[in-house]
Each structure stands twice: as C-alpha cells, then as structure tokens.
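Heads up: the structure comes next, in structure tokens.
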Number of protein chains: 2
Amino acid sequence: MTTRQGEVLDAVLDLLVEGSALTMNAVARRASCSKETLYKWFGDRDGLLRATVQWQASRVRAGNYERQKLDTAALRESLEQFAANWLAVISSRTSIALNRVAIADAGSGKSNLGAIVLENGRFAIGERLKPLLEDAREAGLLRFNDAEEAFRTFFGLAGRDVQIRLLLGDTTLNLSKQDIERDAAEATRQFFALYGASQLPAEAG
Amino acid sequence: MTTRQGEVLDAVLDLLVEGSALTMNAVARRASCSKETLYKWFGDRDGLLRATVQWQASRVRAGNYERQKLDTAALRESLEQFAANWLAVISSRTSIALNRVAIADAGSGKSNLGAIVLENGRFAIGERLKPLLEDAREAGLLRFNDAEEAFRTFFGLAGRDVQIRLLLGDTTLNLSKQDIERDAAEATRQFFALYGASQLPAEAG
DNA sequence: GGGTCGCCGTACCGTACGTTACGGTTCGGC
DNA sequence: GCCGAACCGTAACGTACGGTACGGCGACCC
C-alpha cells in the first residue's frame with residue numbers, strides 16, 4: 001500500500017462521506033488518477049471498496065489493552081474510554097458511510113464487506129474488551145459468568161439506539177464530545193450497577 | 001391500496017428478502033403484472049420502494065399500550081413482551097431487508113426511506129413504551145427523570161448488538177424463539193435492576 | 001539521447017436497467 | 001354484442017456506469 005494508493009482510498013472515503021454516487025469515474029476524477037490505474041491496483045469496483053474498508057480499519061484500530069493490576073477507578077476509566085471511543089467511531093461520518101455500503105453489500109452478497117466491517121468493528125472491540133473484563137473479574141471487581149454476554153450488555157448500554165438512528169439518517173441526533181463523555185460515563189455507571197461485585201449480581205448471564 | 005396492489009408490494013418484499021436485485025422487470029415478473037401498471041400505481045422506482053416500506057409498516061404496527069393500574073408482575077410482563085416483540089421484528093428477514101434498503105437510501109438521500117423506517121420502527125416503539133414507563137413511575141414501580149432516556153436504555157439492553165450484526169450479514173447469530181424470550185427476560189431483569197424503585201436508583205438520567 | 005515504465009486523461013464498448021410505448025386480452029356496464 | 005377501462009406481456013429507447021484501449025508525458029536508466 002503506497003502513499004499514492006492511500007490517497008486514492010481517501011478520495012473514495014470523501015465521496016462516500018459526501019453521499020455522492022461512488023462511480024469509478026468519480027473516484028478517478030477526485031483522486032486525479034486514471035481509471036486504468038484503479039483497475040490495475042484494485043482489480044474491480046468491489047476490490048476498491050474492500051481496500052477502502054480495510055484502509056479505514058487499519059487507521060481505526062487502537063492500541064490493545066494491556067493487562068494490568070486493576071482497581072475500581074482504573075476499571076471505570078478503561079470502560080469509559082472504551083465506550084467513548086466506540087461512540088466516537090460509530091457517530092463519525094466516515095464510519096456511517098462505510099457501514100452503509102457494507103450493509104447494502106451484505107444484502108446483495110456480492111463482496112463480503114459486511115464481514116470485514118464486523119470483524120474490524122463489533123468483534124474487534126469485543127476481543128479487546130473481554131480481557132479487561134476478565135482481569136476485573138479476577139481482581140474481584142466484576143461478577144459474571146460469560147464475558148461475551150457481559151460485553152454484549154456493555155455494548156448495548158453504550159450504543160443504545162445511536163448507530164441505527166445515524167445509519168437511517170436521523171438528523172436530530174448530534175453527539176458532541178461532551179455528550180459522548182457523559183453517555184460513556186452513564187453507560188459505565190449502569191454496567192457497574194449490573195455487574196459490579198460490590199452489589200448483588202443481577203443474575204448476570 | 002387495493003388487494004392487488006398489496007400483492008405487488010408483497011412481491012417486492014419477496015425479492016428484497018431473497019437478496020435479488022430489485023429491478024422493475026423482476027418486480028413485474030414476480031408479481032405477474034406489467035411494468036406500465038407499476039409506473040401507473042407507484043410513479044417510479046422510489047415510489048414503489050416507499051409504498052413497500054409503508055405497506056410493511058402498516059402490518060407491523062401492533063396494538064397500542066392500554067393505560068392500566070400496574071403492579072410489578074404486570075410491568076415485567078409488558079416489558080418482556082415489548083422486548084421480545086422488538087427482537088422478533090429486527091431479526092426477521094423482512095425487517096433486515098427493508099432496513100438495508102432504507103439505510104442505503106439514507107446514504108444517497110434520494111428518497112426518505114430512512115425517515116419512514118425510523119418513524120415506524122425505533123420512534124414508534126418509543127412512543128408506545130414511554131406511557132407504560134410513566135405509568136410505572138406513577139405507580140411507584142420505577143424511578144427515572146427522563147422517560148426518553150430510560151427508554152433508550154431499555155432499547156440498548158434489549159437490542160444490544162443484534163441489529164447491527166444482522167444488518168452486516170453475521171450468520172453466527174441465530175435467534176430462536178427461546179433465545180428471544182430468554183434475552184427479553186434478561187433485558188427486563190437488568191432494566192429493573194437499574195430503574196426499579198425497590199432498589200437504589202443508579203443515578204438514572 | 002533513446003528506451004522503458006508507470007501513470008494520466010479520455011474516448012470507447014457492452015450491458016443493465018429505469019422508463020415509455022403499444023398491441024392484445026379480459027371484464028363490467030348497457 | 002359492443003365499448004371503454006384496466007391490465008398483461010413485450011419490445012424499444014436513453015442513459016449511466018463498469019470495464020477496456022490507447023495516445024501522451026514525465027521519470028528514470030543506460
């Protein structure tokens with residue numbers, strides 16, 4: 001992946017975010033490259049989309065969680081960061097645009113953009129969060145049987161209706177940085193109320 | 001909306017659920033009608049899609065909640081039914097297909113399918129659930145300040161990652177009727193843990 | 001300075017699909 | 001039995017777009 005190729009993929013992202021129709025002509029014009037080059041580098045339109053999705057995924061992937069000795073404050077801090085980061089990602093125009101094409105593609109089943117997005121989004125964050133949850137359980141801070149189920153609950157508390165509303169074009173939902181931090185803190189508080197070891201476990205699955 | 005027109009829209013739903021490309025030719029063939037009739041009845045392709053979305057919405061709309069004197073058991077029962085019904089809807093092949101076209105459409109901004117789906121999905125269920133929550137607060141069963149926020153939490157606890165995974169084509173998620181009932185019960189239990197008046201309120205927003 | 005390579009711009013091709021037009025058929029009203 | 005309306009099936013048109021071909025041009029090598 002040369003820098004020039006990255007510029008081309010950024011042009012694709014630009015067009016997607018704008019909501020313009022993503023034709024090969026439009027990409028070539030925006031990226032100031034020839035269509036021949038596009039086909040040489042990416043094969044066909046599907047390959048271009050796949051490369052774009054992976055290109056963006058490679059940028060979003062944050063540092064992995066480092067196993068550590070946890071106390072309640074550190075755990076809360078980590079959870080809030082996870083939630084805030086996730087909310088920031090799913091409310092970004094880029095993520096919305098990419099999820100839209102991936103969802104449309106998953107319907108026609110031509111490429112496998114949906115699987116790529118899932119792998120780098122929902123599943124990646126799950127794999128990054130579960131070690132934290134398990135360390136917290138080890139440290140006696142959380143109670144749960146199944147880390148996957150606990151994660152899914154946290155995912156629901158953090159995301160709520162945000163992603164589907166944004167994907168469907170709801171314009172009444174405008175998450176500022178402050179909103180995101182407040183919502184992330186609230187989700188974390190609720191998660192502690194459900195899974196915190198200092199309280200009665202809510203028959204957590 | 002004649003019954004014949006309903007048959008045509010059912011043909012559209014069939015094609016969408018199959019994942020076939022939704023061309024006017026395919027619709028005409030599947031519905032055994034002429035393209036001329038399609039254009040006469042629905043104007044253009046967008047009109048056909050709009051009519052299809054509204055046609056399905058008119059079928060999904062369930063009975064409204066009837067205000068009643070609530071006790072804990074009745075409240076739990078109602079909440080579980082709401083959650084189970086919502087999970088059944090969003091995991092149905094029809095809903096997935098319609099949400100896909102609506103989301104794709106919301107990206108290009110041609111029609112306003114996204115708004116229609118939101119209005120008949122997420123927002124409709126919110127308006128139906130909030131009176132129940134408020135009655136429960138009135139009856140001293142729940143504690144919260146903002147019914148909208150409480151609803152959004154319930155929405156997150158019930159839906160979690162289900163909708164986005166299905167929209168993105170995740171095939172590892174297969175919700176049986178039993179799964180749905182179990183998840184609905186669990187979400188309701190968690191919601192009570194967060195907002196039930198018999199416990200300390202979790203600083204609920 | 002000539003040859004080669006990689007790329008840009010553009011013209012071009014084939015096809016898919018939205019849309020329109022039209023001949024043929026059924027059916028209710030008189 | 002005849003008329004008109006509604007509708008079916010299909011052919012035809014125009015366009016948009018994915019994909020290909022080709023001429024030109026700067027860069028680099030020898």
Side-chain angles (χ1 to χ4, degrees), chain A residues 1-55 97-98 100-102 104-113, chain B residues 1-55 97-98 100-102 104-113:
Chain A
M1 176 67 52
T2 70
T3 64
R4 180 73 180 112
Q5 287 171 335
E7 289 171 21
V8 170
L9 299 184
D10 282 337
V12 174
L13 286 175
D14 277 358
L15 289 173
L16 287 179
V17 167
E18 288 174 14
S20 315
L22 193 82
T23 70
M24 301 302 277
N25 263 320
V27 173
R29 229 176 305 127
R30 176 65 61 99
S32 293
C33 74
S34 73
K35 286 208 283 177
E36 189 178 28
T37 302
L38 292 182
Y39 285 100
K40 180 171 182 182
W41 285 348
F42 305 106
D44 57 5
R45 188 174 180 277
D46 268 359
L48 179 60
L49 280 176
R50 253 196 310 275
T52 303
V53 169
Q54 283 164 336
W55 169 245
L98 282 180
R100 278 188 181 139
V101 305
D105 177 88
S108 65
K110 291 204 59 175
S111 189
N112 55 341
L113 299 184
Chain B
M1 177 65 54
T2 70
T3 65
R4 180 72 180 113
Q5 288 171 334
E7 288 172 23
V8 170
L9 298 184
D10 282 337
V12 174
L13 286 175
D14 277 358
L15 289 174
L16 287 179
V17 167
E18 287 174 15
S20 315
L22 193 82
T23 70
M24 301 301 276
N25 259 322
V27 173
R29 229 176 307 127
R30 176 65 61 100
S32 294
C33 74
S34 73
K35 289 206 275 180
E36 188 178 29
T37 302
L38 292 183
Y39 283 98
K40 180 171 182 183
W41 285 348
F42 305 106
D44 57 5
R45 188 172 179 279
D46 268 359
L48 178 61
L49 278 175
R50 254 196 310 273
T52 303
V53 170
Q54 282 163 336
W55 169 245
L98 282 180
R100 279 187 179 140
V101 304
D105 176 88
S108 65
K110 290 204 58 176
S111 188
N112 56 341
L113 299 185

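Chain A is the first sequence line, chain B the second, and so forth, proteins listed ahead of strands; every chain is numbered from 1.
- To the nearest 0.5 Å, atom CZ of residue B/Arg29 and atom NZ of residue B/Lys35 are 9.5 Å apart.
- Side-chain contact between B/Lys110 and B/Arg45 is absent, with no heavy-atom pair separated by less than 4.5 Å.
- For A/Lys40 and D/dG18, the NZ to P distance is 21 Å, given to the nearest whole Å.
- When the P atom of C/dA11 is taken as reference, atom CG of A/Asn25 falls 11 Å away, rounded to whole Å.
- Distance, B/Leu48 CG to C/dT19 C1': 13 Å, rounded to whole Å.
- Rounding to the nearest 0.5 Å gives a distance of 9.5 Å between CH2 of B/Trp55 and CD of B/Gln5.
- For the pair B/Glu36 CD and C/dG24 P, the interatomic distance rounds to 15 Å; values are reported in whole Å.
- Of the candidates A/Asp105, A/Leu9, A/Leu98, A/Leu22, A/Leu49 forms a side-chain contact (heavy atoms from CB on, under 4.5 Å) with just one, namely A/Leu22.
- When distances run from any side-chain atom of A/Trp41 to the nucleotides C/dC7, C/dC17, D/dG9, the shortest one goes to C/dC7.
- Looking at which nucleotide of DNA chain D each of A/Ala21 and B/Ala31 is closest to, the 5′-most match is held by B/Ala31.
- For B/Cys33, whose side chain is taken as the heavy atoms from C-beta onward, the closest listed nucleotide among C/dT19, D/dG18, D/dC8 is D/dC8.
- With distances taken from any side-chain atom of B/Met24 to the nucleotides C/dC8, D/dC7, C/dT19, the minimum falls on C/dT19.
- Residue A/Arg4 places at least one side-chain N or O closer than 4.0 Å to OP1 or OP2 of C/dC8.
- The SG atom of B/Cys33 lies 12.5 Å from the NZ atom of B/Lys40; values are rounded to the nearest 0.5 Å.
- The CG atom of A/Asp44 sits 17 Å away from the P atom of D/dC17 (whole-angstrom rounding).
- Rounded to an integer number of Å, the gap from CZ of B/Phe42 to C1' of C/dT19 is 16 Å.
- At whole-Å resolution of the value, CG in A/Leu15 and C1' in D/dC17 are 15 Å apart.
- With D/dG19, D/dG9, D/dC7 as the choices, the nucleotide that has an atom nearest any side-chain atom of A/Lys35 turns out to be D/dG19.
- Atom CZ in A/Arg45 sits about 10 Å away from atom P in D/dC17, given to the nearest Å.
- For A/Thr37, the listed nucleotide lying nearest its side chain is C/dC8; candidates were C/dC8, D/dG18, C/dG18.
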